[in-house]
Amino acid sequence: MVYHPSFETMGMPDWTPDSWRKRPTQQQPVYPDPAAVEAAVRELAALPPLVTSWEVESLRQQLAEAAAGRRFLLQGGACAESFTDCRADRLTKKLKVLLQMSLVLTYGLRRRIIRVGRFAGQYAKPRSSDTETRDGVTLPTYRGDLVNGPEFTADRRTPDPQRLLRGYERAALTLNFIRSLVEGGFADLRHPEYWDLGFVRHSTRAAEYQRMVDSIGDSLRFMETLAGITAGEISRVDFFTSHEGLHLLYESAQTRQVPHREGWYNLSTHFPWIGMRTADPAGAHAEYFRGIENPVGIKVGPAMTPEWLIDLLDTLDPDRIPGRITLIHRLGHDRIADLLPPLIEAVQREGRTVLWSCDPMHGNTERTSNGYKTRRFDNILSELEQAFDIHHDIGTYLGGVHLELTGENVTECIGGARGLEEADLSRAYRSQVDPRLNYEQALETAMLIARRIQRMNGRS
Ligand code: PEP
Ligand code: CO
């Protein structure tokens, strides 16, 4: 999309959860039966919320602390959740890898980690084209399970408003299970056999990784013995949800007022973000997001200019509320060095405090000769390392990472300690949309970040 300054948006007082409908909308499905859509939205609006306003406020406060350099945000999950991912084994594995990554990061960064899943609502996807043509047949593009099915048939590809309700229900089931796992102490993270560390052997840094994990285990046992805190209690910490706030009918139907608090909360998730393709300050998404109290993520891609970014900040956060804005840059390993400094400097010039987070996935997507969408582990790490350096040199704090990952042994990204190659991708490529780090690659990423920060801080 192209940037148009948003003179209209500035200072517009009258906002309602539906005021976005009067703005130019992008990336919304076209349903064949508008009456059926309104009926589904009415039903959704009457169902109970998935999260509470006090959880949302607690996350905002923690993000404000991260923006001030005292915490670190770990945000991760699938590019797109599918309804069939709502299974105990997959959810358990996803939670496990995120918890283990957060322990590794706590160890390396000596900071508390804010854990946020890209789950319980990550069902709608922006697409570059409205239609897809195969062998002369043209059908609506797949926009995520919240909208239609991925199979290439007219029936599955027709947007179905009942999926809004199925998505809400899956999100509720996911959240219910995750809350129970977290509440119950989940699993004994002290035990080495619970960590699948087979890959460590294949790394040139094997000894270092092993030391890190041993040391985490020792610390957990030490705390348990000395302070009587069990590992179960340690993992019984906050866990938050996030998704791209893309499908505005779904988001606005779950936007509510609550007793004893001012304003409107999106109670379908703690932490919605605006995607790069819908970040027009004069568009429907900015209009919707400016009126909610939740902390808001903004994806910052290569097309974003400093003026555009400042316009978005003025629109979405005129009152400069601490923790309100997280800027998630995803510029690509080959462009970040040129593109990030002017953006950081513009934000600094405006005297704004935001939380900076790096998404090293979305600027590094490529297609292999055999047609797979993939990402190279080395490029992902390179963007991350450059991001840490650039922020360090300018004097800002990189306080988060945003990753697409899964707890399973998929083969979607190339590289990592086991050295996955192009030819391996066909073995277990399961993503309908973007390629994810698998369990081992995700854990290794956390270890490399931990190691990097330790070095930067002069501890080795
Ligand atoms: C995503 O996070 O899956 C996504 C589509 O990101 P972006 O808007 O940054 O391209
Ligand atoms: Co993605």
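Order of listing sets the numbers, starting from 1, for every ligand and every atom in it.
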Enquirer: Just checking, is any N or O donor in the side chain of E57 or Y265 under 3.5 Å from an acceptor N or O on the other one?
Expert: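 A pair is found: one side chain offers a donor N or O, the other an acceptor, under 3.5 Å apart.
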Enquirer: Which of the listed options, K299, E244, Q122, holds the heavy atom that is closest to atom 2 (O) of ligand 1?
Expert: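 Looking at heavy atoms only, K299 sits closest to atom 2 (O) of ligand 1.
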Enquirer: Under 2.8 Å from the Co ion (ligand 2), which protein N/O/S atoms are there?
Expert: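 Checking every protein N, O and S atom gives C79 SG, H362 NE2, E404 OE2, D434 OD2.
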Enquirer: Using a 4.0 Å cutoff against the non-hydrogen atoms of E404, which atoms of ligand 1 qualify?
Expert: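 Heavy-atom distances to E404 below 4.0 Å select 1 (C), 2 (O), 3 (O).
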Enquirer: Yes or no on salt bridge (Lys or Arg N to Asp or Glu O under 4.0 Å) for R87 and D89, after CA distance, side-chain angles and deciding distance?
Expert: CA-CA 6 Å; R87 292 177 12 176; D89 54 343; 2.7 Å; yes
Enquirer: Using the benzene-type ring in the case of Trp, are the ring centres of W356 and H391 under 6.0 Å apart?
Expert: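 When the ring centroids of W356 and H391 are compared, they turn out to be within the sub-6.0 Å range.
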Enquirer: Output the list of atoms in ligand 1 that are nearer than 4.0 Å to some heavy atom of G275, sorted by atom number.
Expert: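 It comes down to these atoms of ligand 1: 8 (O).
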Enquirer: Report the member of R330, Q75, M276 with the shortest heavy-atom distance to atom 9 (O) of ligand 1.
Expert: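 Nearest option to atom 9 (O) of ligand 1, by heavy atoms: R330.
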Enquirer: Is the H402 to W273 ring centre distance short of 6.0 Å?
Expert: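 Judged by ring-centre distance (under 6.0 Å), H402 and W273 do meet the cut-off.
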Enquirer: Under a 4.0 Å N-O cut-off, is there an ion pair linking R21 with E38?
Expert: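 Yes.
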Enquirer: Would you call D389 and R452 a salt bridge, taking side-chain N to carboxylate O under 4.0 Å as the test?
Expert: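 Between R452 and D389 there is a salt bridge, with a charged N closer than 4.0 Å to a carboxylate O.
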Enquirer: For the rings on Y142 and F152, is their centre-to-centre separation under 6.0 Å?
Expert: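 No.
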Enquirer: For atom 4 (C) of ligand 1, what's the nearest protein heavy atom and its distance?
Expert: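 Ranking protein heavy atoms by distance from atom 4 (C) of ligand 1, first comes H362 NE2, 3.5 Å.
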Enquirer: Is M361 touching ligand 1 with its side chain, its backbone, both, or neither, if touching means heavy atoms under 4.0 Å apart?
Expert: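 Near ligand 1, M361 shows nothing, with every heavy atom at 4.0 Å or more.
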Enquirer: Please report the interatomic distance CZ(R179) to CG(N176), rounded to the nearest 0.5 Å.
Expert: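 Separation between the atoms: 8.5 Å.
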Enquirer: Answer yes when D145 and K125 have at least one side-chain N-carboxylate O distance shorter than 4.0 Å, and no when they do not.
Expert: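 A salt bridge is absent here (no side-chain N lies under 4.0 Å from a carboxylate O).
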Enquirer: Which of the atoms in ligand 1, numbered in the order shown and given with their element, are less than 4.0 Å from a heavy-atom of R118?
Expert: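 Near R118, meaning under 4.0 Å from one of its heavy atoms, ligand 1 has 1 (C), 2 (O), 3 (O).
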Enquirer: Which of the atoms of ligand 1 are close to C79, meaning less than 4.0 Å from one of its heavy atoms?
Expert: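 That gives atoms 3 (O) of ligand 1.
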Enquirer: Salt bridge between K373 and E366, side-chain N to carboxylate O under 4.0 Å?
Expert: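 Judged by the 4.0 Å cut-off on N to carboxylate O distance, K373 and E366 do not form a salt bridge.
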Enquirer: Among protein heavy atoms, which sits nearest to atom 3 (O) of ligand 1, and what does the distance come to when rounded to 0.1 Å?
Expert: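 The answer is K125 NZ, 2.8 Å.
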